[in-house]
Amino acid sequence: MSHIMQKLDKDTLTNGVSYFMGPLLSWTLVGIIKALIREIIQQRHFNPMTRIEILQTLLLSPSCPRPVLQLVAPKVYILLGHSKGKFNISTLPGVDVLSIRRVIEAALGVHTEGDLLSSIAIGTARLKWADTSVDFPASIPRISWEDEPRQLIQTALSMARAGKAPSLDVAHCIKVIPPTTFLHLLWSELASFSSVGETEISRRIATFVLTMPRSLSIPPLLPIFLHVVAPSIIFAIDHQQTPDHTLKVDLLVTIISSALTAALHLELGIRSVTGEHQFVLGQSSSGMARKLASDLRARRNHTSREVLQKLASSQSFAANFAVSINDLG
(Lines give C-alpha, C1' and ligand atoms only; values in the text may rest on other atoms or scores of the structure.)
Protein backbone atom coordinates (compact mmCIF):
# COMPACT_ATOMS: atom_id res chain seq x y z
CA MET A 1 0.00 0.00 0.00
CA SER A 2 2.85 2.38 0.78
CA HIS A 3 4.26 2.08 -2.77
CA ILE A 4 0.87 2.93 -4.28
CA MET A 5 0.42 5.87 -1.91
CA GLN A 6 3.64 7.45 -3.17
CA LYS A 7 2.22 7.69 -6.70
CA LEU A 8 -1.36 8.77 -6.04
CA ASP A 9 -2.55 12.26 -5.28
CA LYS A 10 -4.63 12.89 -2.17
CA ASP A 11 -8.04 12.95 -3.89
CA THR A 12 -7.43 9.74 -5.80
CA LEU A 13 -6.14 7.99 -2.71
CA THR A 14 -9.07 9.19 -0.59
CA ASN A 15 -11.56 7.97 -3.18
CA GLY A 16 -9.77 4.62 -3.36
CA VAL A 17 -9.78 4.12 0.39
CA SER A 18 -13.45 5.19 0.66
CA TYR A 19 -14.24 2.22 -1.60
CA PHE A 20 -13.50 0.00 1.39
CA MET A 21 -16.15 1.75 3.49
CA GLY A 22 -18.89 -0.25 1.78
CA PRO A 23 -20.65 -3.03 3.70
CA LEU A 24 -18.89 -5.80 1.80
CA LEU A 25 -15.32 -4.61 2.36
CA SER A 26 -15.54 -2.58 5.57
CA TRP A 27 -14.10 -5.49 7.57
CA THR A 28 -10.78 -4.99 5.74
CA LEU A 29 -10.38 -1.53 7.29
CA VAL A 30 -8.60 -3.03 10.29
CA GLY A 31 -5.52 -3.79 8.20
CA ILE A 32 -5.69 -0.47 6.36
CA ILE A 33 -5.93 1.60 9.53
CA LYS A 34 -3.12 -0.31 11.23
CA ALA A 35 -0.91 0.11 8.16
CA LEU A 36 -1.58 3.86 8.10
CA ILE A 37 -0.73 4.19 11.79
CA ARG A 38 2.44 2.15 11.38
CA GLU A 39 3.66 4.32 8.51
CA ILE A 40 2.80 7.54 10.34
CA ILE A 41 4.70 6.50 13.47
CA GLN A 42 7.68 5.17 11.55
CA GLN A 43 7.67 8.31 9.38
CA ARG A 44 8.50 6.46 6.21
CA HIS A 45 7.43 9.41 4.09
CA PHE A 46 8.51 13.04 4.02
CA ASN A 47 4.97 14.36 4.34
CA PRO A 48 2.70 12.21 6.54
CA MET A 49 -0.22 14.65 6.52
CA THR A 50 -2.02 12.86 3.68
CA ARG A 51 -2.03 9.64 5.65
CA ILE A 52 -3.08 11.40 8.84
CA GLU A 53 -6.00 13.09 7.07
CA ILE A 54 -7.14 9.80 5.51
CA LEU A 55 -6.80 8.02 8.84
CA GLN A 56 -8.92 10.68 10.54
CA THR A 57 -11.53 10.43 7.78
CA LEU A 58 -11.76 6.67 8.22
CA LEU A 59 -11.99 6.80 12.02
CA LEU A 60 -14.62 9.56 12.10
CA SER A 61 -16.72 8.17 9.26
CA PRO A 62 -20.19 6.96 10.36
CA SER A 63 -19.65 4.03 8.00
CA CYS A 64 -16.66 2.72 9.96
CA PRO A 65 -17.98 -0.39 11.78
CA ARG A 66 -17.79 -0.46 15.55
CA PRO A 67 -15.85 -3.79 15.61
CA VAL A 68 -13.18 -2.17 13.44
CA LEU A 69 -12.82 0.73 15.88
CA GLN A 70 -12.60 -1.71 18.77
CA LEU A 71 -9.84 -3.71 17.09
CA VAL A 72 -7.70 -0.71 16.17
CA ALA A 73 -8.27 1.20 19.45
CA PRO A 74 -4.90 0.24 21.06
CA LYS A 75 -3.00 1.35 17.95
CA VAL A 76 -4.93 4.63 17.82
CA TYR A 77 -4.13 5.32 21.48
CA ILE A 78 -0.45 4.67 20.79
CA LEU A 79 -0.51 7.07 17.84
CA LEU A 80 -2.20 9.85 19.80
CA GLY A 81 0.32 9.48 22.60
CA HIS A 82 3.34 9.00 20.34
CA SER A 83 6.07 11.44 21.32
CA LYS A 84 9.24 9.71 20.09
CA GLY A 85 9.07 11.03 16.55
CA LYS A 86 9.85 14.44 15.13
CA PHE A 87 6.27 15.57 15.57
CA ASN A 88 3.30 15.00 17.84
CA ILE A 89 0.12 14.26 15.93
CA SER A 90 -1.98 15.90 18.67
CA THR A 91 -0.44 19.28 17.86
CA LEU A 92 -0.88 19.15 14.09
CA PRO A 93 -3.44 21.52 12.53
CA GLY A 94 -6.65 19.89 11.39
CA VAL A 95 -6.26 16.84 13.64
CA ASP A 96 -9.41 16.52 15.77
CA VAL A 97 -7.99 14.50 18.66
CA LEU A 98 -11.04 15.06 20.84
CA SER A 99 -13.43 13.63 18.24
CA ILE A 100 -11.16 10.67 17.53
CA ARG A 101 -11.01 9.85 21.22
CA ARG A 102 -14.78 10.14 21.59
CA VAL A 103 -15.39 7.80 18.67
CA ILE A 104 -12.95 5.21 19.99
CA GLU A 105 -14.33 5.36 23.54
CA ALA A 106 -17.90 5.12 22.25
CA ALA A 107 -16.93 1.99 20.30
CA LEU A 108 -15.28 0.50 23.38
CA GLY A 109 -18.21 1.43 25.59
CA VAL A 110 -15.89 3.31 27.91
CA HIS A 111 -17.26 6.11 30.06
CA THR A 112 -14.37 7.43 32.08
CA GLU A 113 -14.96 8.75 35.55
CA GLY A 114 -12.03 11.13 35.39
CA ASP A 115 -13.12 13.66 32.77
CA LEU A 116 -10.51 16.11 33.94
CA LEU A 117 -7.71 13.59 33.44
CA SER A 118 -9.08 12.78 29.99
CA SER A 119 -9.22 16.44 29.05
CA ILE A 120 -5.67 17.01 30.22
CA ALA A 121 -4.50 13.93 28.34
CA ILE A 122 -5.74 15.22 24.99
CA GLY A 123 -4.49 18.73 25.61
CA THR A 124 -7.88 20.42 25.85
CA ALA A 125 -8.58 23.10 28.40
CA ARG A 126 -12.32 22.65 28.89
CA LEU A 127 -14.07 20.50 31.46
CA LYS A 128 -17.80 19.86 31.19
CA TRP A 129 -19.53 19.39 34.52
CA ALA A 130 -23.31 19.08 34.65
CA ASP A 131 -24.68 21.94 32.56
CA THR A 132 -21.68 24.22 32.92
CA SER A 133 -18.33 24.49 31.20
CA VAL A 134 -15.19 25.49 33.07
CA ASP A 135 -12.15 26.77 31.24
CA PHE A 136 -8.69 25.82 32.47
CA PRO A 137 -5.36 27.41 31.49
CA ALA A 138 -4.05 26.11 28.20
CA SER A 139 -0.67 25.57 29.88
CA ILE A 140 -1.87 22.43 31.73
CA PRO A 141 0.77 19.77 31.00
CA ARG A 142 -0.29 17.00 28.68
CA ILE A 143 -0.43 13.36 29.67
CA SER A 144 0.26 10.86 26.92
CA TRP A 145 -2.27 8.11 26.31
CA GLU A 146 -0.03 5.36 27.63
CA ASP A 147 0.55 7.34 30.85
CA GLU A 148 -3.17 7.65 31.64
CA PRO A 149 -3.38 4.23 33.37
CA ARG A 150 -0.40 5.23 35.53
CA GLN A 151 -2.22 8.41 36.53
CA LEU A 152 -5.34 6.43 37.43
CA ILE A 153 -3.33 3.98 39.57
CA GLN A 154 -1.51 6.79 41.36
CA THR A 155 -4.81 8.58 42.00
CA ALA A 156 -6.34 5.43 43.51
CA LEU A 157 -3.32 4.94 45.78
CA SER A 158 -3.41 8.58 46.89
CA MET A 159 -7.12 8.34 47.67
CA ALA A 160 -6.53 5.22 49.78
CA ARG A 161 -3.68 6.91 51.65
CA ALA A 162 -5.96 9.87 52.39
CA GLY A 163 -8.56 7.52 53.89
CA LYS A 164 -10.97 7.87 50.99
CA ALA A 165 -12.57 5.05 49.03
CA PRO A 166 -10.26 4.51 46.03
CA SER A 167 -11.64 4.19 42.53
CA LEU A 168 -9.69 2.52 39.73
CA ASP A 169 -11.28 1.96 36.31
CA VAL A 170 -9.45 -1.26 35.44
CA ALA A 171 -11.58 -1.89 32.35
CA HIS A 172 -10.54 1.45 30.87
CA CYS A 173 -6.87 0.80 31.62
CA ILE A 174 -7.03 -2.59 29.89
CA LYS A 175 -8.56 -1.00 26.81
CA VAL A 176 -5.77 1.59 26.66
CA ILE A 177 -2.84 -0.78 27.18
CA PRO A 178 -2.52 -4.61 27.06
CA PRO A 179 -3.22 -6.56 30.29
CA THR A 180 0.40 -7.61 30.81
CA THR A 181 1.61 -4.03 30.36
CA PHE A 182 -1.02 -2.81 32.81
CA LEU A 183 -0.05 -5.42 35.40
CA HIS A 184 3.65 -4.59 35.10
CA LEU A 185 2.74 -0.92 35.51
CA LEU A 186 0.58 -1.74 38.52
CA TRP A 187 3.43 -3.67 40.14
CA SER A 188 5.85 -0.80 39.55
CA GLU A 189 3.52 1.68 41.24
CA LEU A 190 2.71 -0.69 44.13
CA ALA A 191 6.39 -1.41 44.76
CA SER A 192 7.16 2.30 44.80
CA PHE A 193 4.22 2.97 47.10
CA SER A 194 5.23 0.17 49.48
CA SER A 195 8.76 1.52 49.74
CA VAL A 196 7.38 4.36 51.89
CA GLY A 197 5.57 2.01 54.26
CA GLU A 198 2.21 1.58 52.49
CA THR A 199 2.30 -2.18 51.96
CA GLU A 200 -1.21 -2.77 53.29
CA ILE A 201 -2.77 -0.31 50.84
CA SER A 202 -0.78 -1.88 48.01
CA ARG A 203 -2.04 -5.32 49.02
CA ARG A 204 -5.68 -4.21 49.04
CA ILE A 205 -5.46 -2.42 45.69
CA ALA A 206 -3.70 -5.41 44.08
CA THR A 207 -6.25 -7.86 45.48
CA PHE A 208 -9.10 -5.76 44.10
CA VAL A 209 -7.54 -5.51 40.65
CA LEU A 210 -6.65 -9.20 40.41
CA THR A 211 -9.78 -10.81 41.86
CA MET A 212 -12.73 -8.55 41.06
CA PRO A 213 -14.94 -10.33 38.47
CA ARG A 214 -15.46 -8.21 35.36
CA SER A 215 -17.22 -8.42 32.02
CA LEU A 216 -16.35 -11.16 29.54
CA SER A 217 -14.53 -8.60 27.37
CA ILE A 218 -11.85 -8.25 30.06
CA PRO A 219 -9.53 -11.28 30.44
CA PRO A 220 -9.10 -12.65 33.99
CA LEU A 221 -6.09 -10.84 35.42
CA LEU A 222 -5.08 -13.16 38.25
CA PRO A 223 -3.84 -16.05 36.03
CA ILE A 224 -1.98 -13.55 33.84
CA PHE A 225 -0.31 -12.02 36.88
CA LEU A 226 0.65 -15.34 38.47
CA HIS A 227 1.88 -17.16 35.37
CA VAL A 228 3.17 -14.36 33.11
CA VAL A 229 3.92 -11.19 35.08
CA ALA A 230 5.12 -12.64 38.42
CA PRO A 231 7.89 -14.76 36.81
CA SER A 232 9.27 -11.70 35.02
CA ILE A 233 9.08 -9.69 38.26
CA ILE A 234 11.01 -12.43 40.07
CA PHE A 235 13.60 -12.52 37.28
CA ALA A 236 14.09 -8.75 37.56
CA ILE A 237 14.35 -8.86 41.36
CA ASP A 238 16.84 -11.72 41.21
CA HIS A 239 19.13 -9.96 38.73
CA GLN A 240 18.95 -6.43 40.11
CA GLN A 241 19.72 -7.26 43.76
CA THR A 242 18.79 -3.74 44.91
CA PRO A 243 18.65 -2.66 48.59
CA ASP A 244 14.86 -3.07 48.52
CA HIS A 245 15.15 -6.72 47.45
CA THR A 246 13.52 -8.09 50.60
CA LEU A 247 10.73 -5.50 50.50
CA LYS A 248 9.82 -6.43 46.93
CA VAL A 249 9.87 -10.16 47.67
CA ASP A 250 7.66 -9.65 50.73
CA LEU A 251 5.25 -7.50 48.73
CA LEU A 252 5.03 -10.07 45.94
CA VAL A 253 4.39 -12.89 48.44
CA THR A 254 1.74 -10.79 50.18
CA ILE A 255 -0.05 -10.02 46.92
CA ILE A 256 0.05 -13.65 45.75
CA SER A 257 -1.23 -14.98 49.07
CA SER A 258 -3.95 -12.34 49.42
CA ALA A 259 -5.16 -12.65 45.81
CA LEU A 260 -5.32 -16.45 45.84
CA THR A 261 -7.12 -16.41 49.21
CA ALA A 262 -9.64 -13.89 47.88
CA ALA A 263 -10.12 -16.05 44.77
CA LEU A 264 -10.79 -19.09 46.97
CA HIS A 265 -13.38 -17.21 49.03
CA LEU A 266 -15.02 -16.00 45.83
CA GLU A 267 -15.29 -19.57 44.55
CA LEU A 268 -16.79 -20.75 47.86
CA GLY A 269 -19.28 -17.87 47.87
CA ILE A 270 -20.45 -18.60 44.32
CA ARG A 271 -20.72 -22.30 45.09
CA SER A 272 -22.82 -21.65 48.20
CA VAL A 273 -25.25 -19.51 46.17
CA THR A 274 -25.45 -21.44 42.90
CA GLY A 275 -24.44 -24.91 44.01
CA GLU A 276 -22.04 -25.07 41.06
CA HIS A 277 -18.28 -24.90 40.61
CA GLN A 278 -17.74 -21.71 38.61
CA PHE A 279 -14.29 -20.26 38.08
CA VAL A 280 -15.05 -16.64 37.20
CA LEU A 281 -11.34 -15.77 37.38
CA GLY A 282 -10.44 -18.14 34.57
CA GLN A 283 -9.02 -20.98 36.67
CA SER A 284 -9.55 -22.51 40.09
CA SER A 285 -7.57 -20.97 42.92
CA SER A 286 -6.03 -24.33 43.83
CA GLY A 287 -5.05 -24.95 40.22
CA MET A 288 -3.41 -21.53 39.97
CA ALA A 289 -1.54 -22.09 43.26
CA ARG A 290 -0.33 -25.52 42.13
CA LYS A 291 0.89 -24.24 38.76
CA LEU A 292 2.62 -21.28 40.41
CA ALA A 293 4.44 -23.62 42.81
CA SER A 294 5.54 -25.82 39.93
CA ASP A 295 6.74 -22.88 37.85
CA LEU A 296 8.70 -21.33 40.72
CA ARG A 297 10.36 -24.62 41.60
CA ALA A 298 11.41 -25.13 37.98
CA ARG A 299 13.17 -21.76 37.77
CA ARG A 300 15.78 -22.63 40.41
CA ASN A 301 16.94 -19.08 41.15
CA HIS A 302 17.43 -17.50 44.56
CA THR A 303 14.36 -15.24 44.45
CA SER A 304 12.06 -18.05 43.30
CA ARG A 305 13.22 -20.16 46.25
CA GLU A 306 12.62 -17.20 48.56
CA VAL A 307 9.06 -16.76 47.32
CA LEU A 308 8.40 -20.50 47.69
CA GLN A 309 9.75 -20.58 51.22
CA LYS A 310 7.76 -17.56 52.34
CA LEU A 311 4.54 -18.95 50.87
CA ALA A 312 5.16 -22.31 52.52
CA SER A 313 5.76 -20.64 55.89
CA SER A 314 2.56 -18.59 55.69
CA GLN A 315 0.00 -20.20 57.99
CA SER A 316 -2.98 -18.69 56.17
CA PHE A 317 -1.72 -19.78 52.77
CA ALA A 318 -0.90 -23.26 54.05
CA ALA A 319 -4.36 -23.57 55.58
CA ASN A 320 -6.14 -22.63 52.36
CA PHE A 321 -3.91 -24.45 49.87
CA ALA A 322 -2.74 -27.60 51.64
CA VAL A 323 -2.31 -29.59 48.42
CA SER A 324 -0.31 -26.82 46.79
CA ILE A 325 1.83 -26.48 49.92
CA ASN A 326 2.71 -30.17 49.61
CA ASP A 327 3.90 -29.37 46.10
CA LEU A 328 6.16 -26.68 47.55
CA GLY A 329 8.26 -29.20 49.42
task = Report the C-alpha distance between Val170 and Met212 in whole Å, list the side-chain angles of each, state the deciding distance to 0.1 Å, and finish with yes or no for side-chain contact (heavy atoms from CB on, under 4.5 Å).
result = CA-CA 10 Å; Val170 176; Met212 178 62 65; over 6 Å; no

Roughly how far, to the nearest 0.5 Å, is the [atom2] atom of [Y] from the [atom1] atom of [X]?
| X | Y | atom1 | atom2 | result |
| --- | --- | --- | --- | --- |
| Ile104 | Leu69 | CD1 | CG | 5.0 Å |
| Leu55 | Leu59 | CG | CG | 4.5 Å |
| Thr303 | Leu308 | OG1 | CG | 11.0 Å |
| Ile153 | Phe182 | CD1 | CZ | 4.5 Å |
| Lys248 | Asp238 | NZ | CG | 12.5 Å |
| Leu226 | Leu281 | CG | CG | 10.0 Å |

Taking the side chain as everything from C-beta on, heavy atoms only, tell me whether [X] gets closer than 4.5 Å to [Y].
| X | Y | result |
| --- | --- | --- |
| Leu268 | Arg271 | yes |
| Glu105 | Lys175 | no |
| Lys75 | Arg38 | no |
| Val30 | Lys34 | yes |
| Glu189 | Leu157 | yes |
| Ser314 | Val253 | no |
| Leu210 | Leu183 | yes |
| Trp187 | Leu251 | yes |

message = Looking at Arg299 and Asp295, is any side-chain nitrogen of the basic one under 4.0 Å from a carboxylate oxygen of the acidic one?
response =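 Between Arg299 and Asp295 there is no salt bridge, as every charged N stays at least 4.0 Å from the carboxylate O atoms.
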
Is the side chain of [X] donor-acceptor paired with the backbone N or O of [Y] at a distance under 3.5 Å, no angle test?
| X | Y | value |
| --- | --- | --- |
| Gln70 | Ala107 | yes |
| Thr57 | Glu53 | yes |
| Thr254 | Asp250 | yes |
| Ser194 | Ala191 | no |
| Ser61 | Leu58 | no |
| Ser195 | Ser192 | yes |

task = Using the test side-chain hydrogen bond (donor to acceptor under 3.5 Å, both in side chains), find all partners of Ser304 that sit at least two apart in sequence or belong to another chain.
result =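 Only Asn301 meet the side-chain hydrogen bond (donor to acceptor under 3.5 Å, both in side chains) criterion with Ser304.
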
request  = Would you please name every residue forming a side-chain hydrogen bond (donor to acceptor under 3.5 Å, both in side chains) with Glu306, sequence neighbours left out?
outcome  =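 Scan of Glu306 (side-chain hydrogen bond (donor to acceptor under 3.5 Å, both in side chains), adjacent residues dropped) gives His245, His302.
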
Are [X] and [Y] connected in the hydrophobic side-chain network, where two residues link if heavy atoms are under 4.5 Å apart?
| X | Y | value |
| --- | --- | --- |
| Ile234 | Leu185 | yes |
| Val280 | Ile218 | yes |
| Ile255 | Phe208 | yes |
| Leu221 | Leu266 | yes |
| Leu292 | Phe235 | no |

[X] versus [Y], closest heavy-atom pair with distance:
| X | Y | answer |
| --- | --- | --- |
| Phe225 | Pro231 | O-CD, 4.3 Å |
| Thr261 | Ser257 | OG1-O, 2.7 Å |
| Ser285 | Glu267 | N-OE2, 2.5 Å |
| Ala156 | Pro166 | O-CB, 3.4 Å |
| Met288 | His227 | O-CE1, 3.5 Å |
| Pro65 | Leu29 | CD-CD1, 4.2 Å |

key: Contacts of Glu198 that satisfy salt bridge (charged side-chain N to carboxylate O under 4.0 Å, His left out) - sequence neighbours left out   =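 In terms of salt bridge (charged side-chain N to carboxylate O under 4.0 Å, His left out), with neighbours along the sequence ignored, Glu198 is linked to Arg161.
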
query = Do Ser258 and Arg203 have side-chain N/O donor and acceptor atoms under 3.5 Å apart?
reply =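 Note: Ser258 and Arg203 side chains meet the donor-acceptor criterion.
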
